[in-house]
Amino acid sequence: MPFLFFYVCPMNKTNFYAGPAILPQEVIQQAQEAVKDFAGTGLSILEVSHRSKEFVKIMDDARGLVRELMQLNDDREVLFLHGGGLSQFHMVPMNLLNESETASYFDTGTWAHGAIEEAKLFGKVHIACSSKDTNYNHIPKEISIASDSKYVHVTSNNTIYGTQLNFANHQSLLTNYSVVCDMSSDIFSRQLDYNQFDLIYAAAQKNAGAAGVTIVVVNKNILGKVDRKIPRMLDYRLHIEKESMLNTPSVFAVYVSYLTLQWIKKEGIKTIEERNARKAKKLYDAIDNSSLFTGNVAKEDRSVMNVCFTMKDKSLEKKFAEYTLAKGIVGIEGHRSVGGFRASIYNAMPESGVDVLVHAINDFKV
Ligand SMILES: *Cc1c(COP(=O)(O)O)cnc(C)c1O
């Protein structure tokens with residue numbers, strides 16, 4: 001059935017893009033069906049009112065799925081917002097930090113640094129640690145938190161550099177402080193006590209759907225404590241009150257997240273975590289066992305989501321890029337600030353996809 005083959009896998013590509021990124025095939029097929037006929041309405045998801053009972057149910061179910069997957073306490077609220085991860089860089093301090101107050105920030109990558117710059121617009125920022133001097137090739141071990149910190153901001157996975165926080169190393173931080181976490185590139189990738197965080201945010205386009213929506217989970221008890229006036233669209237309390245329908249939500253993106261969350265529930269986070277660990281091990285082993293390639297970051301801080309590597313002989317990188325492209329491998333060029341290669345192997349990447357790249361690394365001949 002060659003036709004079916006082309007439908008499922010249009011050009012036999014393996015997608016390692018960092019974001020927007022690979023989605024489960026069944027999510028793409030279900031989204032395709034909803035573009036034609038959404039929930040039996042006879043209308044496309046692209047033309048249906050966000051106030052229709054069918055879509056209101058999707059929004060409610062999507063928020064419920066996040067609650068269920070994270071096993072959230074009752075004081076946690078789940079929101080689907082606009083504006084990407086970047087908008088959270090200013091919404092967080094705007095809602096949580098008075099001008100005279102201090103927040104501590106981990107400076108572990110480009111996104112973490114971006115969050116710092118925005119927070120400075122609203123209050124005082126203490127840098128708890130930084131690996132900027134070494135182009136963010138590790139997570140610093142020495143952490144200093146300002147004792148009067150209103151909150152501590154961490155980035156759980158540094159998408160561009162390929163480092164990831166091991167929360168087991170930060171238990172006292174999580175116990176003693178109000179922690180805000182940018183989980184954009186590793187949300188739902190591992191089992192965690194999600195109630196340890198007072199605020200979690202994640203742009204959906206890496207591990208939780210398509211571009212256009214950002215998941216926010218917030219402890220409502222920390223809100224309403226700043227003096228400043230907050231524009232309506234940037235006020236978490238209003239979004240909570242209006243159940244993520246303060247204005248027209250990104251209907252289609254919310255729908256794709258809903259489908260992705262259902263897929264995550266079906267697979268189970270435990271199964272996903274184990275598969276992610278196997279995928280990452282395979283790829284790092286291939287890099288470590290090769291005489292041509294080398295990993296970029298400290299081994300103990302290696303990300304399970306974004307595997308960053310270079311060639312010992314830089315002049316071979318163009319040749320390897322062409323070699324992989326011919327094998328249908330897409331999106332492994334490293335971020336422009338790092339160079340080399342980055343293979344993003346998010347939840348939706350099957351083990352067979354990682355095998356394609358592992359074979360390319362093993363088989364590439366100079
Ligand atoms: C991609 C990413 C962002 C930025 O998300 P946008 O939706 O592009 O604004 C922020 N933080 C992290 C960790 C990311 O990976």
Side-chain angles (χ1 to χ4, degrees), residues 45-67 70 72-101 103 105 111 114-125 150-151 153 178-184 187 197-205 208-258:
I45 181 84
L46 303 177
E47 59 178 356
V48 78
S49 167
H50 62 293
R51 305 281 178 204
S52 67
K53 68 175 191 313
E54 291 83 3
F55 183 73
V56 170
K57 180 167 171 12
I58 294 298
M59 180 62 101
D60 288 347
D61 288 354
R63 292 167 68 218
L65 279 163
V66 173
R67 179 170 293 285
M70 291 188 170
L72 295 174
N73 295 339
D74 289 344
D75 54 9
R76 264 47 180 190
E77 297 284 350
V78 180
L79 300 172
F80 282 83
L81 303 181
H82 304 274
L86 232 66
S87 288
Q88 297 308 309
F89 295 177
H90 60 254
M91 270 181 86
V92 164
M94 197 180 247
N95 283 269
L96 304 183
L97 191 63
N98 278 313
E99 237 181 289
S100 60
E101 292 172 333
Y105 274 71
W111 301 119
I116 290 170
E117 291 305 314
E118 299 279 284
K120 284 181 186 165
L121 301 173
F122 300 97
K124 294 187 192 149
V125 173
K150 202 68 191 300
Y151 64 84
H153 182 280
S178 176
V179 177
V180 174
C181 185
D182 178 354
M183 279 193 202
S184 290
I187 193 167
F197 306 92
D198 267 341
L199 196 150
I200 295 166
Y201 61 90
Q205 69 270 20
V213 73
T214 303
I215 297 171
V216 173
V217 175
V218 59
N219 177 355
K220 62 186 173 200
N221 301 316
I222 65 171
L223 301 175
K225 295 186 176 156
V226 287
D227 306 327
R228 72 173 61 83
K229 292 200 170 77
I230 302 174
R232 294 170 67 223
M233 268 300 279
L234 303 179
D235 190 334
Y236 292 122
R237 287 171 307 170
L238 269 179
H239 288 289
I240 292 169
E241 190 189 317
K242 300 292 181 192
E243 303 184 322
S244 297
M245 298 263 203
L246 173 61
N247 73 331
T248 313
S250 301
V251 171
F252 187 58
V254 170
Y255 188 66
V256 177
S257 275
Y258 160 79

For this session: State which residues pass side chain to side chain donor-acceptor pair (under 3.5 Å) with K225; sequence neighbours excluded, sorted by chain then number.
Result: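 Not a single residue meets the side chain to side chain donor-acceptor pair (under 3.5 Å) criterion with K225.
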Problem set entry | S178: partners by side chain to side chain donor-acceptor pair (under 3.5 Å), with sequence neighbours left out |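 Once residues adjacent in sequence are excluded, the partners of S178 under the side chain to side chain donor-acceptor pair (under 3.5 Å) criterion are D198.
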For this session: First locate atom CE of M91, then atom CG of L199, and finally report the distance between them rounded to the nearest 0.5 Å.
Result: 9.0 Å
So which atom in [X] and which in [Y] form the shortest heavy-atom distance, rounded to 0.1 Å?
X    : Y    : result
V66  : L72  : O-CD1, 4.3 Å
L81  : Q88  : CD1-NE2, 3.9 Å
S250 : G212 : OG-O, 2.8 Å
A211 : A253 : O-CB, 3.6 Å
I230 : M94  : CD1-O, 3.7 Å
L97  : G123 : CD2-CA, 3.8 Å

With sequence neighbours excluded, tell me which residues meet side-chain contact (heavy atoms from CB on, under 4.5 Å) with [X].
X    : result
S49  : R51, S52
A204 : A208, V213, S257
R237 : L223, D235
L86  : F89, W111

Just to verify, what does [X] make a salt bridge (charged side-chain N to carboxylate O under 4.0 Å, His left out) with, not counting sequence neighbours?
X    : result
K124 : none
E99  : none
D60  : none
K120 : E117

Is the closest side-chain heavy-atom distance between [X] and [Y] below 4.5 Å?
X    : Y    : value
V226 : F122 : no
R63  : E77  : yes
L121 : H90  : no
F197 : M183 : yes

For this session: State whether a side-chain donor-acceptor pair under 3.5 Å links D182 with S184.
Result: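 Checked: D182/S184 side chains pair up, N/O donor to acceptor below 3.5 Å.
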Problem set entry | Y105/H153 aromatic ring centres below 6.0 Å |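 Here the rings of H153 and Y105 have centres that are less than 6.0 Å from each other.
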Problem set entry | N73 atom CG, over 12 foreign heavy atoms within 6.0 Å | yes
Exercise. Crowded around R228 CZ? As in, over 12 foreign heavy atoms under 6.0 Å?
Worked result: yes
Exercise. If you look only at pairs with a residue in residues 220-255, which of them pass as a ring pair (Phe, Tyr, Trp, His ring centres under 6.0 Å), with sequence neighbours excluded?
Worked result: F38-Y255, Y255-Y258
Under 3.5 Å, side-chain donor or acceptor atoms of residues 240-248 against the rest of the protein: list the pairs with distances, not counting sequence neighbours.
residue	atom	partner	partner atom	Å
S244	OG	F80	N	3.0
N247	OD1	H82	NE2	3.2

Exercise. Does S100 offer a backbone N or O that forms a donor-acceptor pair with the side chain of N98 under 3.5 Å?
Worked result: no
